[in-house]
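Values in this document were obtained by computation on a predicted structure and should not be read as measured data. Every heavy atom of this structure was used, including side-chain atoms; hydrogens, water molecules and symmetry mates were not.
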Protein chains: 4
Amino acid sequence: MAKQEASLPTKAEKSRNLILHSAAKLFREQGFSATTLRQIAAAARIEAGSIYYYFDSKEAILDEILDRGLRHVFESVKAAVKGAGQATYRRRIELAIEAHLVALLESSDFTSANIRIYGQLQEHLKKPHRPLRRAYARYWDKLFLDARKAGEIRADIEIEPLRIFVIGALNWTVEWFRLDSKDDVLKLARRTQLMVFDGIKK
Amino acid sequence: MAKQEASLPTKAEKSRNLILHSAAKLFREQGFSATTLRQIAAAARIEAGSIYYYFDSKEAILDEILDRGLRHVFESVKAAVKGAGQATYRRRIELAIEAHLVALLESSDFTSANIRIYGQLQEHLKKPHRPLRRAYARYWDKLFLDARKAGEIRADIEIEPLRIFVIGALNWTVEWFRLDSKDDVLKLARRTQLMVFDGIKK
Amino acid sequence: MAKQEASLPTKAEKSRNLILHSAAKLFREQGFSATTLRQIAAAARIEAGSIYYYFDSKEAILDEILDRGLRHVFESVKAAVKGAGQATYRRRIELAIEAHLVALLESSDFTSANIRIYGQLQEHLKKPHRPLRRAYARYWDKLFLDARKAGEIRADIEIEPLRIFVIGALNWTVEWFRLDSKDDVLKLARRTQLMVFDGIKK
Amino acid sequence: MAKQEASLPTKAEKSRNLILHSAAKLFREQGFSATTLRQIAAAARIEAGSIYYYFDSKEAILDEILDRGLRHVFESVKAAVKGAGQATYRRRIELAIEAHLVALLESSDFTSANIRIYGQLQEHLKKPHRPLRRAYARYWDKLFLDARKAGEIRADIEIEPLRIFVIGALNWTVEWFRLDSKDDVLKLARRTQLMVFDGIKK
DNA sequence: AATGAATGAGCGTTCATTCAT
DNA sequence: TATGAATGAACGCTCATTCAT
């Protein structure tokens, strides 16, 4: 069976992952250019030179983090929506919101690092990740579009600004949210779903 | 007349301001630590060493930018709300949203730089600006609190998460918005006001 | 045997020492602030950046040089006096003079750098070395005091000015003396002992 | 009369002198290269740029300080010796010692700056002052030589090391002496004369 | 007679990167 | 698999110097 083919992580794989996680955490906290390879190495309890055994450059680490981060939210959201089956579109979008927030605030730092630092990177660092970013945006757009067709969301605002509004509100949480328990994130998700759909008015 | 008494900016004041504006733009685009003094100097068409005639350090430039940026939104928002007189609270908050967005996306880069880079700065760089940040947050909280007391906004979500949701949605625009005309910002503001108050549902 | 247990200096130790010796020579010749790290690096045949693999800062290099320099004279003088056993005090002081001069003018540049540059350093650079300097001064004072108690040196001049006179005459040699052979230093020592004890009068 | 021909110092002359005195003090305390023109300017209560109205360069200031400093001791010593008339050579040398010490420790900082920093200057800065330095050395040598011919000082030590010993002991005082009153310098001079001639032995 | 504004070379230092071991 | 030693380009910053006013 498939399961049996996934071998246990070797020591090398563990080191590689440790470097990635350490780097993601530091990138998220300090940004890409303020983080030094020596800080990453220290966090991963190796020497700076050793990083080059696993990665070609600092940018290669970034690349992998950005990729994993985005892939992770994307897959979480897709899985959540898929799990909703034929629920209402509102329900599906609510689940997408929850999944996006959970990916952003729980799991590893890959996603939050991505959200936080992407905007300030140099062109050539962003470029390879644009296709996936666009695909993720289009995925949400489709969700909203279907909901609108079904008459579940307002038609007087175009899809794009609508999506930006929603995702923006979600992403900004990364600037202030400090993880305490799973409940917190779910509670946050619940409140956010409410505000997104019904607004703040009474 | 009063106007005539405001002296013209001296050459030195112009240079100082040019440095600040150049720096704010670069900080906003690239972040603080990725921006070099030589880049700032080039943008201000002077030599890197000359910056030190006006500022003690790179951090001193940052300090002034952060301060001016936040002060600018804060004053804009206060003025807008004050100008609303005894309007409904919804109207007052709508004006605050518009003022915040205009300050963020138009005028100089001071505000947008502030919003964008603050989160990743080292503790000692954030510290001096915390009091003003808190005051701004409390200002919004008061707005929301009054609106709730007047029965204009929902009571099932606490004020703080509510404020974070709204300001988050506003601030995130800085990540993608590219200025074209004043109309754009005002249009954006109008849509945002709608979604914030009434939500995205039909 | 013990000798065999002293491990050979590693490559790193050699580099470190080479940097220290190069720096000491340059500090002695040009002073601390006139000496650049690039000069030190060139003298040690490495790149300027490499110095930071071994030292935290230019001041850290200075610290170690000052410390080694003073420690070296102090130990030389103590050893010389100890070696004199129960000789007369005049003899002991004569040996101390010789040891001080030899340490200053032969061996490495650590001692001479110390003597030459200490006076012009900023307070915070002098501070850590003051205790040892005081201890060295007190060591000489004791020597003179004992000699006076034994009736071997004049009692009409206080100990401190007396010590300053003697050490001053010794230290000043560093301003003009150029090493040729061991004989020179010993000859110089002999003459100095004579002048110190008997004066220049016939 | 001659007196009337010496006009009062103009404002410019005063400024020039103030710069020189400020610089000499700082050079003496910190060394030449550690002293900045801005420090000198601040001490003279002018702007750094203004120094160039009076001097061509930092080196030009140094040059004048070195020259004035040495000239000052030299003339003081000559005057003192001349004033002794046909006294014994011991007396003449004693007066020279006193004059040298007074010039070094009282009056301005020109002489002490000279003594303290000369040794660490670059070749091209020392060069112009070498002739006068040599002349001063020869003046002392003549004093000692005459004294020896008259049988007043020992013949078993050559003149040069003897002069270096004496001048060294005098010059070193600049490293530790802090001026309080004229008495102090004269008291110091008297003790030094004693030690130089009769030595420290009982 | 003096300054305010600016320069540019060079400083101490950092850091991603290399490579022999 | 990992490191210790070293590099070199570039960083933030300083400073003697210039020059129009």
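- The separation between B/E47 atom CD and F/dA16 atom P is 19 Å, rounded to whole Å.
- With hydrogens and angles ignored, no donor-acceptor pair closer than 3.5 Å exists between the side chain of C/R38 and the base of E/dG10.
- Taking only side-chain atoms of D/Y53, from C-beta outward, the nucleotide of E/dA1, E/dG12, F/dA5 with the closest atom is E/dA1.
- The residue B/T36 sits close only to the backbone: its heavy atoms come under 4.0 Å of sugar-phosphate atoms, none of a base.
- One can place CG of B/D63 at 16 Å from P of F/dG12, the figure rounded to the nearest angstrom.
- In this structure, B/A48 and D/A12 both approach DNA chain E, and ranking their closest nucleotides by distance from the 5' end singles out D/A12.
- Screening D/R28, D/K25, D/R116 for a side-chain hydrogen bond (donor to acceptor under 3.5 Å, both in side chains) with D/D109, the sole residue that qualifies is D/R28.
- Within the shown strands, F/dC15 is the pairing partner of E/dG8 under the Watson-Crick or G-U definition, both distances less than 3.5 Å.
- Counting to the nearest Å, the C1' atom of F/dT14 and the NZ atom of B/K58 are 17 Å from each other.
- Taking atom CZ on D/F32 and atom C1' on F/dC15, their separation rounds to 12 Å, with Å as the unit.
- Remark: E/dA1 base-pairs with no nucleotide in the shown strands. Criterion, Watson-Crick or G-U wobble with two distances under 3.5 Å.
- Contact between the side-chain N/O atoms of B/S50 and the OP1/OP2 oxygens of E/dT7 is found at a separation under 4.0 Å.
- Distance from the side chain of A/S57 is smallest for E/dT17 among the nucleotides E/dT17, F/dC13, E/dT13.
- We find that CZ of A/R45 is positioned 12 Å from P of F/dT3, with the value rounded to whole Å.
- Using a 4.5 Å cut-off on side-chain heavy atoms (C-beta onward), D/Q30 and C/Q122 make no contact.
- Residue B/S33 is out of contact with every strand shown, counting any heavy-atom pair closer than 4.0 Å.
- Put simply, CD on D/E59 is 11 Å from P on F/dA16, counting in whole angstrom units.
- In this entry the distance linking CD of B/Q39 with P of F/dA10 reads 12 Å, nearest Å.
- With no hydrogens or angles considered, no side-chain donor-acceptor pair links D/N114 and D/R71 at under 3.5 Å.
- The shortest distance between the side-chain N/O atoms of C/Y52 and the OP1/OP2 oxygens of E/dT14 is not below 4.0 Å.
- Atom pair A/L26:CG and E/dA16:P shows a separation of 12 Å (rounding to whole Å applied).
- Side-chain atoms of D/L132 and D/H129, non-hydrogen and from C-beta on, never get closer than 4.5 Å to each other.
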Worksheet entry | Worked verdict on D/E123 versus D/R130 for salt bridge (Lys or Arg N to Asp or Glu O under 4.0 Å) | CA-CA 10 Å; D/E123 251 319 283; D/R130 215 160 263 148; 3.1 Å; yes
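- With both pairing distances under 3.5 Å, E/dA20 is matched to F/dT3 as a Watson-Crick or G-U wobble pair.
- Backbone-only engagement by C/I46 is indicated by non-hydrogen atom pairs under 4.0 Å involving sugar-phosphate atoms exclusively.
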